[in-house]
Amino acid sequence: MVFPRWTNKVPFWLLVTLAVLACSIVFIFWYWGSPKHLEVGYQPQQPINFSHKLHAGQMGMDCRYCHHTVDKGKFAGVPATETCLNCHTQIKQDAPDIVKLREFHAAGKPVPWVRIHKLPDYVYFDHSAHVNKGVSCISCHGRVDQMDVVRQVEPLSMAWCMDCHQAPAANIRDKDLITKLSWTPEGDALENGRKFMDMYHVKPRTDCTTCHR
């Protein structure tokens, strides 16, 4: 006998090892490589410090003052320097960040904000289609009115979007309250959402062409 008897089991254990290794690799990419772990928490440093906690929270500024196209088009829009200077020609004019803001304005350049919430180019998303059906900013962006530096709080993945399209009631509210980020419904939140789903005729599509056009 050239080889000991136990070597007969080597092919079996080799196959088992390869199968476990393959499953482990798939799990690592599926779980740890998902947007939930790679993108949630993304919080880049911006060229100018802007506190949403101060402006949207403490001062109660409506989100649409800066993101003025959020209820009119696909993109929410970022404010032009002129929008910021509507206030800051009078307020904190000598603060370092306001000085930088005026320099961008004088040069005719927009502030090079670092984009935080990104979707792949092959995904179609229309902000106005959502906010005009009662989806609040908080559903996708979280409590930005409590953030000094904005960060991503949701994965914005396909599965995450589908969860909402299949059961949207928890994310639907009175359209007049979409930018009231601190608002919470009285009573049953799902029942409240269903009421406005009926009122606004909310029937989200779940076919592929909804987002992939």
Minimum heavy-atom separation for [X] to [Y], with atom names?
X      : Y      : answer
Lys175 : Gly134 : CG-N, 3.8 Å
His165 : Thr206 : CB-CG2, 4.1 Å
Lys74  : Phe125 : CG-O, 2.8 Å
His117 : Val150 : CE1-CG1, 4.1 Å
Thr81  : Lys109 : CG2-O, 4.0 Å
Val40  : Pro155 : CG2-N, 3.6 Å

Using a 3.5 Å distance criterion without hydrogens, assess whether the side chain of [X] forms a donor-acceptor pair with backbone atoms of [Y].
X      : Y      : value
Asn132 : Asp71  : yes
Arg102 : Phe104 : no
His55  : Ser51  : yes
Lys133 : Ile172 : no
Lys92  : His88  : no
His67  : Gly77  : yes
Thr69  : Phe75  : yes

**Report entry** Non-neighbouring partners of Lys203 that pass side chain to side chain contact (heavy atoms under 4.5 Å, CB included), sequence neighbours left out
**Finding:** none

Using 0.5 Å steps for rounding, measure from the [atom1] atom of [X] to the [atom2] atom of [Y].
X      : Y      : atom1 : atom2 : value
Cys137 : Ile178 : SG    : CD1   : 6.0 Å
Cys84  : Leu101 : SG    : CG    : 5.0 Å
Cys211 : Met162 : SG    : CE    : 8.5 Å
Glu191 : Glu186 : CD    : CD    : 14.5 Å
His105 : Ile98  : NE2   : CD1   : 13.0 Å

Between [X] and [Y], is any pair of side-chain heavy atoms under 4.5 Å apart?
X      : Y      : result
Val114 : Tyr42  : yes
Gln46  : Val149 : no
Phe196 : Val202 : no
Thr83  : His68  : no
Ser136 : Leu177 : no

Does atom [atom1] of [X] have more than 12 heavy-atom neighbours, drawn from other residues, nucleotides or ligands, at distances under 6.0 Å?
X      : atom1 : result
Lys100 : NZ    : yes
Gln166 : CD    : yes
Met158 : CE    : no

Do [X] and [Y] land in one hydrophobic cluster if side-chain heavy atoms of ILVMFWY residues count as linked below 4.5 Å?
X      : Y      : answer
Trp13  : Val20  : yes
Leu156 : Tyr122 : yes
Met147 : Ile138 : yes
Val135 : Trp183 : no
Val153 : Leu181 : yes

Query - Plane angle bin for His141 and His127 - parallel if under 30°, tilted between 30 and 60°, otherwise perpendicular - result: parallel

Query raised in the report: Should the pair Trp113 and Phe50 be assigned to parallel (<30°), tilted (30 to 60°) or perpendicular (>60°) ring geometry?
Result: perpendicular

**Report entry** Pairwise salt bridge (Lys or Arg N to Asp or Glu O under 4.0 Å) hits with a residue in residues 144-173, at least two apart
**Finding:** Arg143-Asp145

